[in-house]
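Just so we're clear, the structure is a prediction, and the values are computed from it rather than from any experiment. One-based numbering, in listed order, for ligands and for the atoms of each.
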Amino acid sequence: MSPPPPDNGNRGCIFMVKSNNDLMIKNFLRGVSLKPVKVGVCGLGVVGSGTVNVLQRNAEQLKSRTGRSIQLVQIAARRPNPACDTADISVTSDVFDVAKNPEVDILIELIGGCDVALDLVNTAIENGKHVVTANKALIAEHGNEIFERARKKGVIVAYEASVAGAIPVVKALREGLVGNRINWLAGIINGTGNFILTKMKECDSPFAEVLEEAQQLGYAEADPTFDVEGIDAAHKLTILAANAFGTKLMFDETYTEGISRITPDDIRYAEELGYCIKHLGIAHQTNQGVELRVHPTLIPQTHLLARVDGVMNSVLINGDAAGQTMYYGPGAGSEPTASAVVADIADIARLLDAPDVLSGTSVPPLPYDAGQDDVITLSIEDIVAASYVRIRAKDHPGVLMKVTEVIGRHGINIDALLQKETRENDGMADIVLLTDKIREGVLIKALQVIAELDDVTGPVTHIRVEHLG
Ligand code: HSE
């Protein structure tokens, strides 16, 4: 067994030891007198209570793994939460008490939203505190300024919990895949939306009915806009893309479309064509620029992402060296999200005595690389994708010919075609096409012409198709 290396400043170290031809990892903790790290939690809702529980339950293990004890010294909460025990912890109703508390080393922001949270995080940074947050809206929309402020103060702002709950996907991009040029990533990153699409498929039920069920089960909020219109997923995609491509955070340039217009007919027709509809966040580095888009997508039924059902999340990453790797797990929930929060706390705890905590961190607060400030993002009209198209039209002779004539005139190739009487049996039919890859701007023009045809009576919709190969 190798001897421990020379003392480098009272920090825990890991050595590889060889025993019976197997490599084993042995943790030598030196410096038993490391000062504890003191944590203040702001927000005692679902994630806040989970964080308190995990910190308390796994305190000994965390101490052993980080080399210091992690002490919860203050909680800011509007009301007590019976899901956790705060008996020995100072509780305040004002989150800014935590940001100003000289005892606190790390402020854990779990209040959500952008207004008070931004002020809180800024105050914590100004007071020299590291910050851990699960707030995707805050990071996606204000991260560029927050990281700059944190850099100037020499503190860390860590945000693993802001994307895909328990799945350590920010770490995967930042650390495990750091040697790769990321070509693209695609993820199911909104559990509520995935639950709704899964149920619509299983029960052949309309969107509104399943949304109500999701609300009753507590998955969807009373105002479900963020989840069902894709905004939540766009926040998460913004963060993933910045980490994948080394760019700044570009929420405003992310194309966002939700699932509210998907019908059980679309799901059924897609199935007949061998596809499944999933709501995906897609970030793609192309020669023309970066694509950032969140929208319902047809993917082959045989693809692994098609098996990700219910509220689960999954992210598929394509790197030039690793090829494709896929990450799966709960994207929300009390302890699953707390798992990511606590991982960030542990990272900071390990680095607290480093001479330059920022350069030592494994989760750098600034995600962008030099020279990536003027990155080009593609508008949705400029992406090239295959599409599923549904056209509701009169069920009489010659309609299909008129539709396909417009498609052909725009240089669009049809890969597959279905024509079905409507469920309502009202003399209408759904014409369903799968097109070859085409620039979206061209497809939209063709669909506008089709929508104007006399025989077309209902909506003309399209859903992008991705093979993710
Ligand atoms: N509302 C999110 C979802 C969970 O449904 O995935 C928190 O990010």
What pairs of donor and acceptor atoms, side-chain ones from residues 87-95 against any protein atom, are under 3.5 angstrom apart with sequence neighbours left out?
{"unit_1": "Thr92", "atom_1": "OG1", "unit_2": "Asp94", "atom_2": "N", "d": "3.0"}
{"unit_1": "Thr92", "atom_1": "OG1", "unit_2": "Asp97", "atom_2": "OD2", "d": "2.5"}
{"unit_1": "Asp94", "atom_1": "OD1", "unit_2": "Phe96", "atom_2": "N", "d": "2.9"}

*Is there side-chain contact between His279 and Pro296, with heavy atoms separated by less than 4.5 Å?*
yes
Q.
Between Asn101 and Gln74, is there a side-chain donor-acceptor contact under 3.5 Å, judged purely by atom types and distance?
A. yes
Can you list, pair by pair, the side-chain donor-acceptor contacts under 3.5 Å of residues 37-58, counting residues two or more places apart and other chains?
{"unit_1": "Lys38", "atom_1": "NZ", "unit_2": "Glu103", "atom_2": "OE2", "d": "3.1"}
{"unit_1": "Ser49", "atom_1": "OG", "unit_2": "Gly45", "atom_2": "O", "d": "2.9"}
{"unit_1": "Ser49", "atom_1": "OG", "unit_2": "Val46", "atom_2": "O", "d": "3.2"}
{"unit_1": "Thr51", "atom_1": "OG1", "unit_2": "Val47", "atom_2": "O", "d": "2.8"}
{"unit_1": "Asn53", "atom_1": "ND2", "unit_2": "Ser49", "atom_2": "O", "d": "3.2"}
{"unit_1": "Asn53", "atom_1": "ND2", "unit_2": "Ala83", "atom_2": "O", "d": "2.9"}
{"unit_1": "Gln56", "atom_1": "NE2", "unit_2": "Asp85", "atom_2": "O", "d": "2.9"}
{"unit_1": "Arg57", "atom_1": "NH1", "unit_2": "Glu335", "atom_2": "OE1", "d": "3.2"}
{"unit_1": "Arg57", "atom_1": "NH1", "unit_2": "Glu335", "atom_2": "OE2", "d": "3.0"}
{"unit_1": "Arg57", "atom_1": "NH2", "unit_2": "Glu335", "atom_2": "OE1", "d": "2.7"}

Residue shell for ligand 1, any heavy atom closer than 4.0 Å, reads Lys136, Asn190, Gly191, Thr192, Asp227, Asp232, Lys236, Ala332
In residues 109-121, what donor-acceptor pairs under 3.5 Å come from side-chain atoms, sequence neighbours left out?
{"unit_1": "Glu109", "atom_1": "OE1", "unit_2": "Thr133", "atom_2": "OG1", "d": "2.5"}
{"unit_1": "Glu109", "atom_1": "OE1", "unit_2": "Asn135", "atom_2": "ND2", "d": "3.3"}
{"unit_1": "Glu109", "atom_1": "OE2", "unit_2": "Ile111", "atom_2": "N", "d": "2.8"}
{"unit_1": "Glu109", "atom_1": "OE2", "unit_2": "Gly112", "atom_2": "N", "d": "3.0"}

### Message
Looking at Glu202, I want to see if its CD is surrounded by more than 12 non-hydrogen atoms of other residues, nucleotides or ligands under 6.0 Å.
### Response
yes
